[in-house]
Engineer: 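Sharing a structure with you now.
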Amino acid sequence: MERIEQHASYGGSQQVWKHASSTLGCEMRFGLYLPEAALRGQACPVLYWLSGLTCTEQNFITKAGAQEHAARHGLIVVAPDTSPRGAQVADDAAYDLGQGAGFYLNATQQPWAAHYRMYDYVVDELPALIEAQFPATDRRAISGHSMGGHGALVIALRNPGRYRSVSAFAPIVAPSLVPWGEKAFTAYLGGDRKAWEQYDAAELVRHASERLPLWVDQGAGDEFLESQLQPQRLQAACDAVGHPMELKLRPGYDHSYYFIASLIGEHVARHAQALRG
């Protein structure tokens, strides 16, 4: 591991680290915010943030303004890159496939299967690294935006007991039924739609063994609302099985980080309450 950035922020430290990932077979980077308590060696709970299409670890740590809220509540915040990267890693010219578009799954199809295992990286390798190398407890929460909101919901639903809370900004809730997801799933997982269900929140919630409440914030002015996001599909799936879900449609907000920055404080506060409850 090597720390490649460090900035004082609200009494804590915003850092960026790189390491060799055995899961992904490449070098990976992640943003890490350590509040003042963690700098003193006090173990703190962790909020994992998953970013969306085209993003790296930089988008969230430079645009969301989460550091102020993490400092107030004493949370470590970890924001990994969105995919494996490097010259040896398969890629595509389109923005919604390949590097920058890992979709938080384990690819089974070539040429993607060799490196595209973001699900295992986020669920297993990254938290093991964080909890071994930094003053972090095993109390975890997870959140994300767009493709990352999809990842947060899927990972929380598939791993009962691992996270104390989950939230998502403008997530892709039913990727099996929208263009972004259909394209990525076909490439990464093949044509068997049954295999897609393990990465589709609207399908997973129907069989979830844990009733972890889902919190979705959605901008009503989001340009992708009807074509790609369709949060009503997840709401209907939750209503059908009695799974707790809170969907907030925010008038005027779009898909950008202006939306995230405006509401990230509410999300961090609620995650902090769950993590310390």
Side-chain angles (χ1 to χ4, degrees), residues 47-56 59-60 64 79-84 94-107 112 116-123 126 141-159 162-163 165-189 193 195-208 212-219 222-238 243 245-248 255-257 259-260 267:
L47 171 61
Y48 290 88
W49 172 269
L50 306 182
S51 291
L53 286 167
T54 76
C55 292
T56 69
N59 296 73
F60 180 73
D81 199 350
T82 55
S83 78
Y95 77 95
D96 53 358
L97 188 67
Q99 296 185 33
F103 269 85
Y104 304 101
L105 50 73
N106 290 338
W112 314 103
Y116 283 76
R117 304 187 62 83
M118 286 298 294
Y119 177 87
D120 281 353
Y121 178 73
V122 172
V123 173
L126 184 59
I142 191 165
S143 186
H145 171 232
S146 194
M147 177 185 73
H150 141 76
L153 293 170
V154 165
I155 286 170
L157 288 167
R158 286 185 57 177
N159 294 275
R162 190 167 182 81
Y163 301 94
S165 56
V166 58
S167 71
F169 290 79
I172 309 169
V173 303
S176 298
L177 300 175
V178 299
W180 276 341
E182 289 182 316
K183 178 179 180 178
F185 284 7
T186 299
Y188 296 141
L189 303 172
R193 286 180 168 263
W196 299 4
E197 293 180 3
Q198 63 185 316
Y199 299 110
D200 188 308
E203 290 295 331
L204 289 169
V205 78
R206 303 180 197 279
H207 312 289
L212 185 68
L214 309 182
W215 180 19
V216 172
D217 250 321
Q218 174 63 61
D222 192 318
E223 61 269 39
F224 303 112
L225 177 57
E226 297 303 325
S227 60
Q228 305 281 9
L229 307 177
Q230 303 177 6
Q232 69 276 9
R233 291 186 182 275
L234 182 59
Q235 183 72 76
C238 287
H243 194 108
M245 175 182 171
E246 182 178 352
L247 172 60
K248 292 187 175 182
H255 201 68
S256 73
Y257 264 84
F259 169 47
I260 297 169
H267 284 247

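We're numbering straight along the sequence, starting at 1.
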Engineer: Has the side chain of Arg233 got a donor or acceptor atom that lies under 3.5 Å from a matching backbone atom of Leu177?
Structural biologist: no
Engineer: What class does the angle between the rings of Trp215 and His267 fall in, given that below 30° is parallel, 30 to 60° is tilted and above 60° is perpendicular?
Structural biologist: parallel
Engineer: Given the rule in the side-chain contact (heavy atoms from CB on, under 4.5 Å) test, do Ser146 and Phe224 qualify, once you have shown the distances and angles that lead to the verdict?
Structural biologist: CA-CA 10 Å; Ser146 194; Phe224 303 112; over 6 Å; no
Engineer: Run the numbers on His145 and Tyr257 for ring-ring contact (aromatic ring centres under 6.0 Å, His included), then give the verdict.
Structural biologist: CA-CA 9 Å; His145 171 232; Tyr257 264 84; 5.8 Å; yes
Engineer: Do side-chain atoms of Ser165 reach the backbone of Ala141 as a donor and acceptor pair under 3.5 angstrom?
Structural biologist: no
Engineer: I want to check something: taking the side chain as every heavy atom from C-beta on, are Gln228 and Glu223 in contact at a cut-off of under 4.5 Å?
Structural biologist: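 Side-chain contact under 4.5 Å: no.
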Engineer: Please test Leu126 against Tyr48 for side-chain contact (heavy atoms from CB on, under 4.5 Å), starting from the C-alpha separation and ending with a verdict.
Structural biologist: CA-CA 10 Å; Leu126 184 59; Tyr48 290 88; 4.2 Å; yes
Engineer: Is there a donor-acceptor pair under 3.5 Å between the side chain of His150 and the backbone N or O of Ala201?
Structural biologist: no
Engineer: Within a strict 4.5 Å, meaning less than it, do heavy atoms of the Asp217 and Ser167 side chains meet?
Structural biologist: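 No. Closest side-chain heavy atoms not under 4.5 Å.
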Engineer: I'd like to check Asn159 versus Tyr119 (side-chain heavy atoms, cut-off strictly below 4.5 Å). Are they in contact?
Structural biologist: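 Yes. Closest side-chain heavy atoms under 4.5 Å.
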Engineer: Run the side-chain contact (heavy atoms from CB on, under 4.5 Å) check on Leu50 and Met118 step by step: do they pass?
Structural biologist: CA-CA 11 Å; Leu50 306 182; Met118 286 298 294; over 6 Å; no
Engineer: If only atom types and distance count, is the side chain of Tyr199 paired as donor or acceptor with the main-chain N or O of Asn106 below 3.5 Å?
Structural biologist: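 Here the side-chain-to-backbone pair exists.
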Engineer: Please state whether the rings of Phe60 and Trp49 are parallel, tilted or perpendicular, taking 30° and 60° as the class boundaries.
Structural biologist: parallel
Engineer: State, with a plain yes or no, whether a side-chain heavy atom of Leu47 is found less than 4.5 Å away from one of Ile142.
Structural biologist: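 The answer is no; the side chains never approach within 4.5 Å.
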Engineer: Counting only N and O atoms by type, is there a donor-acceptor contact under 3.5 Å from the side chain of Gln230 to the main-chain atoms of Ala174?
Structural biologist: no
Engineer: Drop me the distance from Leu225's CG to Gln218's CD, to the nearest 0.5 angstrom.
Structural biologist: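 Interatomic distance, Leu225 CG to Gln218 CD, rounded to 0.5 Å: 4.5 Å.
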Engineer: Using modelled atom types only, decide if a donor and an acceptor are shared between the side chain of Tyr116 and the backbone of Gln99 within a distance under 3.5 Å.
Structural biologist: yes
Engineer: Side chain of Thr82, backbone of Cys55: donor and acceptor closer than 3.5 Å?
Structural biologist: yes
Engineer: Is it the case that Asp81 and Tyr121 place a side-chain donor and acceptor less than 3.5 Å from each other?
Structural biologist: no
Engineer: As an exercise, state the distance from CD1 of Ile172 to CG of Leu234, rounded to the nearest 0.5 Å.
Structural biologist: 13.0 Å
Engineer: Report yes if the side chains of Val123 and Arg162 come closer than 4.5 Å at any heavy-atom pair, otherwise no.
Structural biologist: yes
Engineer: Do Ser51 and Asn59 have a side chain donor and acceptor closer than 3.5 Å?
Structural biologist: no
Engineer: Check Val154, Leu214, Leu157, Ile155 against Val166 for a side-chain contact (heavy atoms from CB on, under 4.5 Å) and give me the one that passes.
Structural biologist: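 Between Val166 and the candidates, side-chain contact (heavy atoms from CB on, under 4.5 Å) is satisfied uniquely by Leu214.
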Engineer: Using a 3.5 Å distance criterion without hydrogens, assess whether the side chain of His243 forms a donor-acceptor pair with backbone atoms of Leu212.
Structural biologist: yes
